[in-house]
Amino acid sequence: MRTSRTALGRAMRPAWAARDRPLASTGRRLVAAAALLAFGAIPVAALDATARTPVPSGSYRSAREALRMGVRDYNAGDKEGAARALEYAADQGHALALWKLGRMYAEGDGVPHDDLKAFEFFSRIADDTTDEGPEAQNSGVVASAFTALGAYFLDGIKGTYVRANPERAYDMFNYAASYFGDPNAQYNLGRLYLDGTGVDTDPRQAARWFNLAAEKGHAPAQALLGQLLVNGQGVPAQRARGLMWLSLARDAAQGRKDDWIVALYDKTWASASEDDRAAALAQASTANAQVTGSARRRR
């Protein structure tokens with residue numbers, strides 16, 4: 001069994017770097033929660049470097065002003081103008097602008113889809129780190145950037161220098177999950193342990209990480225934790241509690257991407273005893289209140 005490879009001072013570098021650069025201890029949290037809400041969870045796509053409209057050097061008095069204008073233009077539907085303003089702020093090292101551009105490039109949101117550009121924006125956030133604690137208001141952006149990098153390292157980016165590297169993916173997920181308590185990273189880390197990707201297969205560790213994310217309302221983590229508990233895989237079998245988590249996951253499922261959660265719930269619920277179903281329903285209301293409270297505290 002390997003141990004955690006993501007100590008706070010561990011070296012990390014973008015794939016294109018000629019040599020390792022020390023990761024400045026812990027990640028810099030560069031985004032206020034209020035600013036994140038202002039942006040919304042809308043994906044990002046970046047302008048092609050050869051096609052984007054140059055930003056006159058005197059257009060903005062500061063990176064903060066450019067960020068505000070970018071948010072305003074984005075919310076007004078002018079995503080090209082938003083991208084120009086965000087690029088100005090990003091050039092000044094503003095992490096929220098870097099993150100938003102990374103999301104836009106990753107999703108092709110108002111700009112051409114370009115995973116490599118997204119990877120490089122997220123890498124700039126990861127490379128620019130300080131010793132601020134995980135409670136800082138901008139921690140959400142840093143955690144999200146590390147989680148996004150983990151996903152890119154997991155599969156690689158076809159046709160680029162970013163190769164699949166499960167061990168580096170583990171590093172990214174483990175850092176965001178352990179230091180920032182990010183539920184998406186905790187879920188992804190659990191999947192690595194469950195599937196034996198980049199680490200030795202360890203259902204017990206998988207259940208531990210799924211549980212941490214499930215308590216924060218992460219539906220896929222709730223579903224997989226429920227399955228492990230029902231089957232007694234890596235943990236003592238607790239069928240009623242497993243059904244409870246599956247029930248909460250099913251209630252939180254959204255759209256076609258979560259069809260697998262509904263299918264898993266239906267299959268497991270159909271084979272459960274009446275006693276286990278009744279116990280699961282009794283536990284669900286209490287657990288749902290606890291999960292809701294945890295999610296509110298994270299906002």
Side-chain angles (χ1 to χ4, degrees), residues 13-17 27-129 136-153 155-162 172 176 182 184 255 257:
R13 61 180 175 89
W16 64 86
R28 180 185 297 176
R29 5 271 132 198
L30 294 154
V31 173
L36 284 172
L37 291 174
F39 265 135
I42 307 170
V44 185
L47 292 174
D48 183 85
T50 61
R52 69 190 182 194
T53 303
V55 179
S57 59
S59 295
Y60 310 105
R61 289 175 295 181
S62 66
R64 185 181 296 274
E65 180 185 67
L67 178 65
R68 283 199 303 268
M69 294 182 69
V71 173
R72 181 200 65 189
D73 290 345
Y74 187 94
N75 291 336
D78 180 9
K79 295 182 180 179
E80 182 176 347
R84 287 198 300 269
L86 291 171
E87 286 179 350
Y88 179 91
D91 286 344
Q92 309 305 309
H94 199 296
L96 179 54
L98 288 166
W99 177 84
K100 185 59 179 176
L101 283 170
R103 292 303 313 151
M104 289 176 74
Y105 276 110
E107 301 295 339
D109 180 28
V111 291
H113 174 218
D114 191 327
D115 283 320
L116 183 59
K117 282 183 177 290
F119 176 87
E120 291 175 348
F121 278 119
F122 293 136
S123 291
R124 286 178 61 185
I125 296 173
D127 282 348
D128 186 16
T129 56
Q137 63 182 5
N138 51 14
S139 61
V141 168
V142 178
S144 178
F146 273 94
T147 303
L149 289 171
Y152 281 126
F153 279 123
D155 298 322
I157 302 175
K158 187 175 180 180
T160 74
Y161 57 76
V162 183
M172 301 296 102
D182 183 80
N184 290 319
K257 66 181 178 63

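Every heavy atom of this structure was used, including side-chain atoms; hydrogens, water molecules and symmetry mates were not. Position 1 is the first residue of the sequence, and the numbers go up from there. Values in this document were obtained by computation on a predicted structure and should not be read as measured data.
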Q: Can you tell me how far CG of Leu86 sits from CG of Leu67, rounded to the nearest 0.5 angstrom?
A: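 The CG atom of Leu67 sits 6.5 Å away from the CG atom of Leu86.
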Q: Between Phe146 and Phe122, is there a side-chain heavy-atom distance shorter than 4.5 Å?
A: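 Counting from C-beta outward, Phe122 and Phe146 never come under 4.5 Å.
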Q: If you compare all heavy atoms of Leu98 against all heavy atoms of Ala90, which two are closest, and at what distance to 0.1 Å?
A: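 Here Leu98 and Ala90 meet closest at CD2-CB, 3.6 Å.
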Q: Would you name the heavy atoms of Ile157 and Asp115 that are closest together and state the gap between them?
A: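 Reported closest heavy-atom pair: CD1-O, 3.6 Å.
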Q: Supply the atom-to-atom distance Ser62 OG to Arg68 CZ, rounded to the nearest 0.5 angstrom.
A: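 Ser62 OG to Arg68 CZ: 6.0 Å, rounded to 0.5 Å.
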Q: Where does the angle between the aromatic ring planes of Tyr88 and Tyr60 fall among parallel (under 30°), tilted (30 to 60°) and perpendicular (over 60°)?
A: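 Tyr88 vs Tyr60 ring planes: tilted.
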Q: May I ask you to decide whether Arg124 forms a salt bridge with Glu120, counting only side-chain N to carboxylate O separations under 4.0 Å?
A: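 Salt bridge absent between Arg124 and Glu120.
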Q: Rounded to the nearest 0.5 Å, what separation is found between the CZ atom of Arg84 and the CE atom of Met69?
A: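 Rounded to the nearest 0.5 Å, the CZ-CE separation comes to 9.5 Å.
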Q: For Ala106, does its backbone N or O pair with a side-chain atom of His113 as donor and acceptor, under 3.5 Å?
A: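 Yes: the side chain of His113 pairs with the backbone of Ala106.
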Q: How about Phe121 and Trp99: do any of their side-chain heavy atoms sit closer than 4.5 Å?
A: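 Not in contact.
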Q: Please report the closest heavy-atom contact between Leu149 and Ala126, naming both atoms and the distance.
A: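 Distance-wise, the nearest heavy atoms are CD1-CB, 3.7 Å.
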Q: Who are the side chain to side chain contact (heavy atoms under 4.5 Å, CB included) partners of Thr147, not counting sequence neighbours?
A: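 Here the qualifying residues are Phe173, Ala176, Asp182, Asn184, Ala185, Asn188.
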Q: Measure the spacing between NZ of Lys100 and OH of Tyr74 and express it to the nearest 0.5 Å.
A: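 So the NZ of Lys100 and the OH of Tyr74 are separated by 3.5 Å.
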Q: Ignoring hydrogens, what is the shortest heavy-atom contact between Tyr152 and Ala118? Give both atom names and the distance.
A: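 Nearest heavy atoms, Tyr152 then Ala118: OH-CB, 3.5 Å.
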Q: Residues in side chain to side chain donor-acceptor pair (under 3.5 Å) with Asp73, at least two apart?
A: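 Side chain to side chain donor-acceptor pair (under 3.5 Å) list for Asp73, sorted by chain: empty.
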Q: For the atom pair NZ (Lys79) and CG (Asp109), what is the distance rounded to the nearest 0.5 Å?
A: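 One finds 3.5 Å between NZ of Lys79 and CG of Asp109.
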Q: Look at the side chain of Ser144 and the backbone N and O of Gly140, then say whether any donor-acceptor pair between them is shorter than 3.5 Å.
A: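 Pair absent, no side-chain N/O of Ser144 close to backbone of Gly140.
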Q: Can you list the steps and then say if Glu80 with Asp78 is a side chain to side chain contact (heavy atoms under 4.5 Å, CB included)?
A: CA-CA 6 Å; Glu80 182 176 347; Asp78 180 9; 4.1 Å; yes
Q: Kindly write out the residues that satisfy side chain to side chain donor-acceptor pair (under 3.5 Å) with Glu65, not counting sequence neighbours, or none if the list is empty.
A: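 So Glu65 forms a side chain to side chain donor-acceptor pair (under 3.5 Å) with Arg61.
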Q: Does a side-chain heavy-atom distance below 4.5 Å link Tyr161 with Leu116?
A: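 Counting from C-beta outward, Tyr161 and Leu116 do come under 4.5 Å.
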